[in-house]
Amino acid sequence: MSSSNSETKSAGQIANVMNETRVFPPSGEFSAKAVIGSMQAYQTLYAESIADPVAFWERQAHEHLHWFEPFHTGLEWNEPFAKWFVGGKTNVSYNCLDAHVVAGRGDRVAFHWEGEPGDKRTITYAELLADVSKFASALKKLGIQKGDRVSIYMPMVPELPVAMLACARIGAIHSVIFGGFSAEAIADRNDDAQAKLIITADGGWRRGKVLPLKQTVDEALQKSPSIQHCIVLKRTENDVTMKPGRDLWWHELVADAPTHFPAEPLDSEDSLFILYTSGSTGRPKGIRHTTAGYNLYAKRTFQWVFDYREEDIFWCTADCGWITGHSYIVYGPLAAGATQVLYEGAPNAPAEDRFWDIIERYRVTILYTAPTAIRTFIKWGDHHVEKHDLSSLRLLGSVGEGINPEAWMWYYEKIGGGRCPIVDTWWQTETGGIMMSPLPGAIPCKPGSCTMPMPGIIPRIVHADLSDVGTNEGGMLCIEKPWPGMLRGIWGNDDRYRDGYYGKVPHMYLTGDNARRDEDGYYWIMGRIDDVINVSGHRLSTIEIESALVSHPSVAEAAAVGRPDELKGQGIAVFVTLKNHNPSDNMRDELKKHVRKEIGALAVPDEVRFTTALPKTRSGKIMRRLLRDIAAGKESGQDTSTLEDFSVLARLRSDEES
Ligand code: PRX
């Protein structure tokens with residue numbers, strides 16, 4: 001990163017202080033083989049898609065989904081409520097499974113699964129279809145009907161996607177709850193969705209230990225009156241208590257179930273799933289996605305962004321409990337007939353090279369992971385990577401947070417060997433699929449930029465007064481028109497949906513993120529609107545200050561937040577983890593100087609705190625709102641139910657700047 005300044009910005013405008021100028025075009029060889037192999041091809045496709053988005057998506061839907069009955073209307077838009085492919089009947093599990101088997105590709109491997117202890121299974125599409133059919137028929141037998149809600153709280157074993165697809169097959173609405181959530185969080189979600197059934201396992205493996213999932217569910221079920229049954233998969237063989245009448249073993253239910261159970265034709269707009277995301281205040285929001293539009297959007301974005309080919313081995317390291325796992329392990333890749341690696345456990349079990357070992361053994365060609373993981377790998381050291389042959393990789397992806405340019409460079413050089421494009425994919429639980437990302441054969445990468453919109457997606461950036469921003473000016477990122485993958489609402493709360501996403505900026509979807517667009521038309525996400533730091537009337541984005549800190553050779557991770565300051569309005573407090581955890585005497589001054597050099601005087605932190613860990617959500621995002629309270633010396637009144645490691649907060653509080 002080189003320095004630029006951010007003088008004389010008008011009040012309310014977000015200063016752009018990052019000036020990243022490196023550009024990495026794909027190799028000629030990569031582009032030659034790519035589905036979309038040049039900037040011109042992308043621009044032609046994009047222009048066609050936005051000239052008439054509904055007609056574009058209608059064509060995509062005809063071509064890429066199976067229809068039991070065709071739709072008669074592409075889009076019914078009754079702002080903010082969208083209905084796509086109205087009148088059509090399809091089934092997501094059919095599109096993901098039967099379609100391939102019917103086409104004679106049943107022997108293709110769907111999953112190479114590996115458990116944390118090292119146990120392995122290879123599952124073909126035909127086998128997956130049989131497993132899903134059996135479980136779907138068992139659910140039906142248990143009285144689960146179309147529209148019923150089913151909670152799923154499982155480890156990353158093949159039965160997790162099987163359970164999701166079985167719900168989809170019969171029209172039950174699944175709500176997957178990440179296996180790290182507490183009993184309280186499960187009970188809240190069961191209650192909000194009024195779930196009838198919960199599916200879990202005796203346990204799951206994590207860092208050599210058994211996570212007692214069933215025990216946690218038992219606790220949750222004391223406060224979940226809507227739940228009638230609990231299905232338990234045997235995974236770890238630890239002792240569990242089975243409540244007669246309520247609890248049932250998975251293997252007993254499927255023992256004599258038929259291997260063929262037809263997929264039910266469902267309306268395009270029947271709900272497929274609810275997925276809870278943490279709101280910054282109050283109850284978690286149940287984001288609702290439906291059948292045809294979501295499936296189409298996940299499939300097509302998977303094919304475009306990952307440039308997916310028959311011979312690829314795709315590995316998305318997310319858990320199925322997050323939207324990334326829903327869209328880019330289950331519904332996108334399976335609809336595209338992809339072969340994937342699925343891994344149950346932690347990246348450091350038994351050693352810190354587990355990911356590289358997996359890539360080498362399965363000859364993974366596409367790796368999709370998160371910045372939090374990449375920064376952790378940097379901290380663990382290059383020697384873990386260097387032990388392994390990663391030459392099978394041809395494409396890398398990143399999702400979940402902004403990737404700091406220096407972390408991008410490490411990923412590019414150390415993991416990708418300088419030959420793999422990186423798709424930095426920007427999207428949200430609400431958007432259903434990737435909204436902006438390089439198409440790797442077409443769009444040159446710039447470290448830290450999610451580059452350009454997907455076909456059919458029209459981003460727009462506006463100031464607080466709703467006027468459009470100029471080039472390189474930060475503002476609120478909105479999306480102009482409905483798209484098939486968009487959320488259809490918040491479960492049971494239309495008002496919260498309308499107010500949160502369509503209330504503030506008229507006739508546009510408000511993403512809640514800030515962004516800028518550079519002179520080449522590249523988009524740069526600048527963090528959440530609520531996280532902006534206002535120093536003497538200059539609005540600074542967190543990611544830019546953090547990226548400056550991460551570009552210092554000793555820094556592993558950094559989080560920047562505002563804290564009250566009588567003179568400046570807000571001052572800047574930064575929380576830093578070092579690669580060796582051992583700050584030298586002058587490290588604070590050195591980091592302040594480094595930020596001054598990289599960005600300028602305005603962004604120099606008032607306070608630098610060293611910490612061994614940052615508070616993160618269970619999906620790995622830094623929780624800046626908690627850090628804001630700590631920096632302000634306040635006890636936090638914030639919702640901490642999504643925090644991964646509570647001890648981090650106590651350590652941060654006792655770790656004042658000395
Ligand atoms: O702030 C953006 C950030 O994560 C938010 C969405 O979070 P979630 O719903 O949990 O979905 C995560 C997986 C898609 C966004 O509003 N975010 C996600 N990807 C990126 C990102 N910020 C910058 N760059 C990204 N690539």
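Below, each value reflects all heavy atoms present in this structure, side chains not excepted, and no hydrogens, waters or symmetry copies. Each ligand, and each atom within it, is numbered from 1 in the order the structure gives. Position 1 is the first residue of the sequence, and the numbers go up from there.
- A donor and an acceptor atom, one from each side chain of Tyr509 and Thr431, are nowhere located under 3.5 Å apart.
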Distance dump, ligand 1 polar atoms to protein, N/O, under 3.5 Å:
residue, atom, partner, partner atom, Å
ligand 1, 1 (O), Asp513, OD1, 2.9
ligand 1, 1 (O), Asp513, OD2, 3.1
ligand 1, 4 (O), Gly400, O, 3.2
ligand 1, 4 (O), Lys621, NZ, 3.1
ligand 1, 7 (O), Lys621, NZ, 3.0
ligand 1, 9 (O), Thr429, N, 2.8
ligand 1, 9 (O), Thr429, OG1, 2.7
ligand 1, 10 (O), Lys621, NZ, 3.3
ligand 1, 16 (O), Gln428, NE2, 2.9
ligand 1, 16 (O), Asp513, OD1, 3.2
ligand 1, 16 (O), Asp513, OD2, 2.7
ligand 1, 16 (O), Arg528, NH1, 3.0
ligand 1, 17 (N), Gly400, O, 3.3
ligand 1, 19 (N), Gly400, N, 3.2
ligand 1, 22 (N), Gly402, N, 3.4
ligand 1, 24 (N), Glu401, O, 3.4
ligand 1, 26 (N), Asp424, OD1, 2.7
ligand 1, 26 (N), Thr425, O, 2.8

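- Within a 6.0 Å sphere centred on NZ of Lys504, heavy atoms belonging to other residues, nucleotides or ligands number 12 at most.
- Here the CH2-OH distance, from Trp426 to Tyr523, works out to 10.5 Å after rounding to the nearest 0.5 Å.
- Ring geometry for Tyr497 versus Phe81: interplanar angle of 30 to 60°, hence tilted.
- Formation of a donor-acceptor pair under 3.5 Å by the Arg618 side chain with backbone atoms of Gly180 is found in this model.
- Asp520 and Asp518 get closest at one heavy-atom pair: N-OD1, 2.8 Å.
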